*Asks:* 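Sending over a structure as structure tokens; questions will come in a sec.
Note on naming: letters A, B, ... go to the chains in the order of the sequence lines (proteins, then strands), and numbering restarts at 1 for each one. Computed from a prediction, not measured in an experiment: that's the story for all the values here.
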Amino acid sequence: MDSATLSAVVVGEDDNALLVAAGLAKEAAMLFQTGKFVECLKILNQILQKKADDPKVLHNIAVAESFQDGCSDPKRLIKALENIKAKSRGLRSYVSALLICEARRTLRGCQQQWKHAYSQHERSNTAVHASSSVVYSDEFSTSVSMFNIAVIWYHLHEYAKSFSYLDTLYQNIEPIGEGTALRICLLLLDVTLLCRNASRSADVISYMEKFFCVNSLTNQVDNGTAVHHQSLLVSKSTSFPSNSIIPDASHTDSTANTSENSLTRTLSEEALEDESLKLLSALDLSLQNLQRSGIASSNDLHRRIQAEETLSTADLRLKLHLYKVRLLLLTRNLKAAKREVKMAMNIARGKDYHLALYLKSQLEYARGNHRKAIKLLMASSNSTEKGISSSMYYNNLGCIYYSLGKLHTSGVFFSKALNNSSFLRKEKHPKLVTLSQDKSLLITYNCGVHSLACGKAFHAARCFQTASLIFYNRPLLWLRIAECCLMALEKGMIKSNSSASDRSDITVNVIGKGKWRHLTLRNGSALNGISQGKYVGKDNLFTADGRQPDLSLSLAWQCLFNALYLLDSLEANDSVFSSESESREALLSQSTNHKNASLVNSNGEVKEQKSGNNQNASLQNSVLDYEHIRIKENRKMKQVILADLAFVELALGNPLKALSTAKSLLKLPDCSKMHIFLGTMYAAEALCLLNRPKEAAEHLMMYVSGGNNIELPYSREDCEKWTVEKVVDGDEPNRTFSTADESQRCVFPSPEEARGMLCANYAANFALLGNLEQAQHFLTKALSDIPNSSQVIVTAIYVDIKRGSTQDALAKLKQHNGVRFLPGNVTLNDSS
Amino acid sequence: MLGFEDCGKLLRLLNGGEENTIEEIEKILGPTQRLIAFAIIYQAYATQQPSSNPFISKLVDAACDDEAEKYERAFVLQLLGSSSVMNSKELLKQSAADYIKNFDLSSHSFPQREHMQQQYCGKTQLEPFKCLFKDNAVKNVLPDPDVPRGCNSNSLEFDAQPGVTSKIGSGNRDETVAGLLSTFSLEGLGPQWIRPTPPRLPVMDAELLWLNPDINHELLWDYGMCADTSRGAAVRDLIAKALKGPLVPVQQEQVLVELANDPKLVYHCGLTPKKLPNDIFAQDLVENNPMIAVEVLIKLVNSPEISEYFTVLVNMEMSLHSMEVVNRLTTTIELPTEFLHTYISNCISACQGIKVYAEQTCETAASSAGRRPAMGHQGPGFETYQLQLLLMSRGLRCWGAHGYLEFGSFHDIFIEVQAFCIEFSRIREAAGLFRLLKTLE
């Protein structure tokens, strides 16, 4: 067989039907663009009758349907698209097998393989129609359906899933048509930024700069020339009458400032932008422009589609600027972000101007210029005062006030933001867009942070629980939930069952009268008796039905475990990264070298290339910096998680696990002094619980210097360094120091208190070892640092009793002002 | 039924005198009460084997306690010895007071402790997990007699007498016992360990989520539906032909034009490494239609798979066509450095291979005419050789322009090439190459 006979097999017998279908397809596409989905679906169904099971037809039907009656069940749509994709895959692999075989066969006579593939195809028999009409293996490209799946996941806030699809597409983006490729890149940028994947979004940006708007980087855009340069995207023959945009403008669709946008455009840049005007992005023009007319005249459908799909270069350039701002903000390269925002503001218009304002406000917020940030927000909210944007507005105000330390105000704003976003969810036929515009889960997370800061453990936990629908893969979320549990424990809302506890006072029952009077000391655990393993809450992770979460120590344990697991997997990535980053740095230096060389035989092009390189280099640098920041942050988080975990293990009565956790905390590289202190304390206690008081003493010994002096375990500066590490380079002179209020809430015990605790524990340890002299010595020291600690008093009483001086014990008990005497109100009749 | 905890509390009361370090220990329970308490502890678990009584060791201790009253020890012994429920019932029929009254020391013998332990504790009694805090715990009850200063609280005068109005310091023993029983815990009082609560992680940078307006991402229509594929099909057919043999110029032109018109076409006519096996690409396309191969490679340069083709190209047998392809590529696109390095090395080794032949022809030619002889006389080997030299010089020029020469990694190959030039300096191309190297230095 030669290729002619092959194509006879593959190419359809019925050319006529093919032509008809192609014509119908054009019509359907047109109807789709004009938003006439009902008619469009009719035609699609006609096509389907001719080409049953054609995946592309099925795909377009699914898309059109979702536009027609809202996307009430996005997950079902995803499933449908997945099926379609799988079908195309099957076809494609068949055809490419065919192609390879043909190549081989003609050369090598490798018929066996061909036959095999063919028979496989026959067996599957899914694609009779398609195979009879197609030779073009691209026919089965699944890029559009994959993109659509990614879009839906994006709208569902499932960024990781969306990313996996987009990444596959991006890895092999070259063959994909320009319009689709551009969309893929834009969505990928959004998704990577939301996933905080800085390095990848930097990649995408530089890719886009290279292939979509080649020389756009250097200077502020001069529209006229830019448009002419870009023959790449702008297809010159557009079929719109040049005024076709005006009806759009008058039409009352309100999703954007479309009208304003296009009007200003027509006014200001008519001459220059004649073309790009028509190319006004499909992104800006919502697809519901029902009244759009004058398209029927087109006969070059393909080109028009391209036009419809692409952004004008100027728009694209602006978008890239804005994405770069977001990336720089993410990577905390505020200086570069400032520059970039400036450039963006100069060319921004309409809807994008709105975004630019928000970004600028975010920049000022990040720089600590809170007042300026508020002003910018106010300016942006003037133009649109409706649900979505107002909820964003309030949320952002909440963020600003939170970092100003005004917790109450920020709480008000957060809840306002939440109220404003709630109405979106009540829509009957939710469109995809509304799904992603519903930011309530994000706002809820902020609410959680706020509640936690206010000490409302249960409310905070409920918020975090809700937000976990999105953030389930962030270790920080789990840490925060665990912190809610610990806070509840601290406040006595839930109980621990182990021996030591933080009761602030000693309860003494007075029993009997007269000569028979006895005092019974109760300490923490005595209350719970032997109810091993019973906590206030249930042990399950809370379910999503919105009831009061059951905070418990075991929940804390589970959350911390989750956090640790996620963090470890991040760390694994980091270690890959750090080796990668070196090579990246090497690459970077290469590219600079390269740049210098090209400067030697310089011409115009080279100059542009150079500045492009510069820009990219700064982007890459900030990505590198960000990775380092992130590694540092993760290490910090790890310390906290391990400390919490050791604490929880102790509280749960698992000294062995507590010991190993505390030891791994102590082993952490650049562990802060405070956490070394905590780790030492936990390890020593665990060792005591394990009947190894001598080893415990060894641990505690590290703070003992020169005889019996005990050093301060850490200094105040250490604490401050840990708490306030924000780089603030704002220029508002009277900035209130943001974290002042908050830092008081989450700081460590003061160094002296820490030393007191250390002494107390050292004393307790000596008491256990039977060395009452030393115990007494350290107790005195402890009492000078923390005179009101009930634990120290109790230990002192214990030592007294051990020594047999009941009188001293009684005296201590009566002097200490944290003691509550309760009458032993039991009558004999009770115990019947 | 009494639970474990209650029995434990009772035991606490019974063992009131255990810590003899405390001076003013009184026996809170009277002698008869003590007997009753023992009976309760025993009875609580009477239905089971004695060894399953968690307090059995304490009972044994009580029976062997030399300092205790004999009648008490005897009573506990009898309790332990009563093998069945019936037996013990018999014993417990009499009141405690009667038992003490009727107690006859002579009728009792006290076995050894070890013996007792063997008999009652059995092997099932595991040593309970000892916790240092608990083991070292002291009783958490402090006697605090409320008597006037200087009075001996032990004297009987402070005991409440029925019918007499109570004076200061008098108290009710029963009330105390009941109170103690209800507030006791088994754990007692131990040294207190301070466990600092770990502080919360301060709010991270950018932990609070700032919201920005989104760019709208809509679902896309697939324009590939029923698309017209005839043009692509035509090119594909031509490509298929190109694999089999050289195309006529018109056909070649058509392919090149189509490829130029649609930058993505190259991915769709079966020419990407995934679809076209490398060996076929190298041996058939490059050999038959080098011009098309060049164009395809240029179009594919951004594809991640291009390196596969490059690898094939580098490693394929040196031929005029393959070198032509590489040569054209070096002038149009930026080739990866490692690719060029490998290629140069391969060139050099290929030259070494034909060195002998080349030298011979060169010598004869030089001696006969003093000029470079005409191509025809040299044979294919020499031709290849010259072309390689030419290519190398072009390649080097190209690298110079791109700044590759600044790389340390290039240095090695630079020296290699120089040595090569010196070795073949009698050939004009080699000499030219050498001069080029000098200028690049």
*Asks:* Taking C-beta and beyond as the side chain, do Leu689(A) and Trp193(B) meet within less than 4.5 Å on heavy atoms?
*Replies:* no

*Asks:* Counting only non-hydrogen atoms closer than 4.5 Å, does Ile176(A) touch chain B with its backbone (N, CA, C, O), its side chain (CB onward), both, or neither?
*Replies:* backbone

*Asks:* Is Asn60(A) close to chain B through its backbone or its side chain, or both, or neither, when contacts mean heavy atoms under 4.5 Å?
*Replies:* both

*Asks:* Write down the atom of Val144(A), the atom of Leu220(B), and the distance for their closest heavy-atom approach.
*Replies:* CG1-O, 3.8 Å

*Asks:* Quick one: pull up CG in Asp190(A) and CG in Asp214(B) and give me the separation to the nearest 0.5 Å.
*Replies:* 6.5 Å

*Asks:* Are Glu218(B) and Phe67(A) side-chain neighbours, meaning at least one heavy-atom pair lies under 4.5 Å?
*Replies:* yes

*Asks:* Of all heavy-atom pairs between Glu207(B) and Val449(A), which one has the smallest distance, and what is that distance?
*Replies:* OE2-CG2, 3.9 Å

*Asks:* Under a 4.5 Å heavy-atom cutoff, which of Leu187(A), Asn396(A), Leu359(A) has the most pairs with chain B?
*Replies:* Asn396(A)

*Asks:* Check whether Leu24(A) gets within reach of chain B through its side chain, its backbone, both or neither, counting any heavy atom under 4.5 Å.
*Replies:* neither

*Asks:* Shortest non-hydrogen contact from Leu209(B) to Leu442(A)?
*Replies:* CD1-O, 3.5 Å

*Asks:* So, for Leu201(B) and Glu483(A), which heavy atoms are closest and what is the spacing to 0.1 Å?
*Replies:* N-OE2, 2.8 Å

*Asks:* In Å and rounded to the nearest 0.5 Å, what is the NE2 to CZ distance from His217(B) to Arg183(A)?
*Replies:* 9.0 Å

*Asks:* When only pairs under 4.5 Å are counted, which of Asp644(A), Thr795(A), Asn148(A) shares the most heavy-atom pairs with chain B?
*Replies:* Asn148(A)

*Asks:* Find out whether Gln791(A) and Arg195(B) are in side-chain contact, i.e. whether some heavy atom of one side chain is under 4.5 Å from a heavy atom of the other.
*Replies:* no

*Asks:* State, with a plain yes or no, whether a side-chain heavy atom of Ser403(A) is found less than 4.5 Å away from one of Leu208(B).
*Replies:* no

*Asks:* List the atom of Gln362(A), the atom of Asn212(B), and the distance in Å for their closest heavy-atom pair.
*Replies:* OE1-ND2, 3.0 Å

*Asks:* Does Leu486(A) reach the side chain of Arg200(B), with side-chain heavy atoms less than 4.5 Å apart?
*Replies:* no

*Asks:* Measuring only between side-chain heavy atoms, which start at C-beta, is Ile194(B) closer than 4.5 Å to Val792(A)?
*Replies:* yes

*Asks:* What's the spacing between Leu211(B) CG and Lys439(A) NZ if we round to 0.5 Å?
*Replies:* 6.5 Å

*Asks:* If we define contacts as heavy-atom pairs under 4.5 Å, which of Ile443(A), Val799(A), Asn395(A), Val63(A) has the most with chain B?
*Replies:* Asn395(A)

*Asks:* Assign the ring pair Trp210(B) / Tyr365(A) to parallel, tilted or perpendicular, where the plane angle (0 to 90°) is split at 30° and 60°.
*Replies:* parallel

*Asks:* Could you tell me which portion of Val57(A) (side chain, backbone, both or neither) has an atom closer than 4.5 angstrom to a non-hydrogen atom of chain B?
*Replies:* both

*Asks:* Can you tell me which portion of Leu678(A) sits under 4.5 Å from chain B's heavy atoms? Options are side chain, backbone, both or neither.
*Replies:* side chain

*Asks:* Restricting to non-hydrogen atoms, name the atom on Leu476(A) and the atom on Met204(B) that form the minimum distance, rounded to 0.1 Å.
*Replies:* CD2-CG, 3.9 Å

*Asks:* Side chain, backbone, both or neither: which part of Met487(A) has a non-hydrogen atom closer than 4.5 Å to chain B?
*Replies:* side chain

*Asks:* Which atoms of Ala28(A) come close to chain B, meaning under 4.5 Å heavy atom to heavy atom: side chain ones, backbone ones, both, or neither?
*Replies:* both

